[in-house]
Amino acid sequence: MAEQAGSVKSGKGQHWWRIFHDKFVVEERFMEPGSRAGLYRAAMILMGVGTLLFIITLVGVVQSGTGPWGPDEPIRDWLLGIRSETLTGVMIFLAVIFGPIALPIIVLVVTVAWGFAAKHAWRPILLAAAMLTGVIVSQIILQIIRRSRPPVDLMLFGADHTFSFPSGHVLGACDFLLVGAFLIFSRRQNPRSAVLGFVGAGIGIVLAIGSRLYLGYHWFSDTFASLSLSLVILGAYIALDTWRTARIPGERITGELSKADAPGD
């Protein structure tokens with residue numbers, strides 16, 4: 001009887017481990033070898049381009065003594081000329097949505113709901129990890145560069161005396177929209193939906209950048225550096241997701257939930 005009870009207990013333990021393993025550890029999908037190679041290639045290009053653009057921006061900012069650089073002042077002057085009460089209200093709303101309080105709540109709700117609803121929790125976990133990566137990277141760079149923000153008297157939503165390079169608001173928005181778009185649309189067969197998804201992400205990024213510049217909290221180079229860093233993070237997570245989930249015909253898959261979607265032998 002004791003042996004039987006132990007066997008039942010062991011069986012239940014293995015059952016729950018299998019559920020955990022398939023839900024949180026394994027997500028695998030089949031694709032053609034050329035498609036997988038294309039994802040790796042895209043990841044390398046994104047990381048290379050993002051790194052190059054960030055280095056160019058960083059060098060320019062450092063050479064300027066962490067003051068305005070390149071198009072910073074012309075863009076600031078143009079935005080000063082188009083300010084209006086209505087537009088300010090819209091930009092404040094966008095700043096709150098992409099801000100350090102609302103955006104983490106949105107990310108938490110999305111990842112938890114997605115994790116429970118999806119057959120696999122890999123993608124929502126990856127999205128949360130990408131967001132956390134952006135936060136850590138931005139905080140490290142902020143403390144190293146220590147760049148001052150534009151003059152306080154230009155800020156329209158309260159004074160902010162923290163460092164400005166790179167923009168945490170914009171980096172968070174870029175990571176959420178770009179990595180989220182990839183994780184959603186990379187599983188769909190229709191390329192048109194992926195194009196529309198990334199166009200939507202691009203519009204959201206433009207709005208996030210516009211709100212920070214319009215409200216007077218960042219120089220343009222702060223936001224451009226954030227976009228550049230986000231391209232690096234996007235490329236890194238595309239490579240990680242591809243390595244972990246993409247299987248070509250002939251390769252073995254290990255998760256029971258993934259096997260249910262595997263093509264027939």
Side-chain angles (χ1 to χ4, degrees), residues 35-64 66 68-72 75 98 100 103 107 123 125-147 163-186 191 194-213 217-246:
S35 298
R36 185 168 71 174
L39 284 174
Y40 280 126
R41 189 161 49 246
M44 295 304 109
I45 291 172
L46 285 167
M47 286 190 285
V49 170
T51 300
L52 178 62
L53 293 177
F54 178 75
I55 290 173
I56 291 172
T57 308
L58 176 62
V59 170
V61 168
V62 171
Q63 287 181 342
S64 71
T66 69
W69 171 75
D72 286 343
I75 289 176
F98 293 118
L103 187 59
V107 172
R123 285 182 289 163
I125 289 173
L126 211 62
L127 177 59
M131 297 295 296
L132 182 60
T133 301
V135 170
I136 293 171
V137 169
S138 67
Q139 289 302 311
I140 291 172
I141 297 173
L142 279 168
Q143 296 305 318
I144 292 173
I145 303 303
R146 305 174 73 84
R147 187 188 200 189
F163 301 122
S164 71
F165 183 92
S167 167
H169 283 71
V170 173
L171 184 55
C174 290
D175 288 343
F176 181 64
L177 294 171
L178 290 176
V179 177
F182 165 74
L183 292 173
I184 292 171
F185 294 104
S186 62
V195 171
L196 291 175
F198 278 103
V199 167
I203 292 172
I205 290 168
V206 169
L207 292 175
I209 290 174
S211 70
R212 299 309 291 163
L213 298 179
Y217 290 94
H218 284 285
W219 303 106
F220 173 76
S221 50
D222 297 332
T223 63
F224 189 73
S226 296
L227 176 58
S228 302
L229 286 171
S230 189
L231 293 180
V232 178
I233 292 171
L234 173 63
Y237 278 88
I238 288 176
L240 176 60
D241 178 62
T242 303
W243 169 79
R244 186 63 194 85
T245 70

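Just so we're clear, the structure is a prediction, and the values are computed from it rather than from any experiment.
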>> Donor-acceptor pair, distance only, cut-off 3.5 Å: does the side chain of Ser226 make one with the backbone of Ser167?
In response: yes
Residue pair [X] / [Y]: nearest heavy atoms and the distance that separates them:
X      : Y      : answer
Leu183 : Arg123 : O-NH1, 2.8 Å
Pro100 : His169 : CD-NE2, 3.4 Å
Arg212 : Val170 : CG-CG2, 3.9 Å
Ser164 : Tyr217 : CB-O, 4.4 Å
Ser221 : Thr57  : O-CG2, 3.5 Å

> To the nearest 0.5 Å, what is the distance between CZ (Phe165) and CH2 (Trp69)?
Replying inline: 9.0 Å
> At what distance, to the nearest 0.5 angstrom, does CG of Leu103 lie from CZ of Phe98?
Replying inline: 7.5 Å
For residues 138-146, run the donor-acceptor check on the side chains, cut-off 3.5 Å, and write out each pair with its distance to 0.1 Å, sequence neighbours left out.
| residue | atom | partner | partner atom | Å |
| --- | --- | --- | --- | --- |
| Ser138 | OG | Gly134 | O | 3.1 |
| Ser138 | OG | Val135 | O | 2.9 |

If you look only at distance, which donor and acceptor atoms sit under 3.5 Å apart when one is on a side chain in residues 171-182 and the other is two or more places apart or in another chain?
| residue | atom | partner | partner atom | Å |
| --- | --- | --- | --- | --- |
| Asp175 | OD1 | Ser230 | OG | 2.7 |

> So which pairs with a foot in residues 217-240 pass salt bridge (Lys or Arg N to Asp or Glu O under 4.0 Å), sequence neighbours left out?
Replying inline: Arg147-Asp222
Identify every side-chain donor-acceptor pair in residues 233-242 under 3.5 Å, counting partners at least two apart or on other chains, and give the distances.
| residue | atom | partner | partner atom | Å |
| --- | --- | --- | --- | --- |
| Tyr237 | OH | Ala129 | O | 3.2 |
| Tyr237 | OH | Thr133 | OG1 | 2.7 |
| Asp241 | OD1 | Trp122 | NE1 | 2.7 |
| Asp241 | OD1 | Arg187 | NH2 | 3.0 |
| Asp241 | OD2 | Arg29 | NH2 | 3.1 |
| Asp241 | OD2 | Arg187 | NH1 | 2.8 |
| Thr242 | OG1 | Ile238 | O | 2.7 |

>> Test side-chain contact (heavy atoms from CB on, under 4.5 Å) on Phe220 and Leu213; report intermediate values, then the result.
In response: CA-CA 7 Å; Phe220 173 76; Leu213 298 179; 3.9 Å; yes
List the atom pairs, donor and acceptor, that lie under 3.5 Å between side-chain atoms in residues 37-53 and the rest of the protein, sequence neighbours left out.
| residue | atom | partner | partner atom | Å |
| --- | --- | --- | --- | --- |
| Tyr40 | OH | Trp243 | N | 3.3 |
| Thr51 | OG1 | Met47 | O | 2.7 |

Can you give each donor-acceptor pair under 3.5 Å made by side-chain atoms of residues 196-205, sequence neighbours left out, with the distance rounded to 0.1 Å?
none

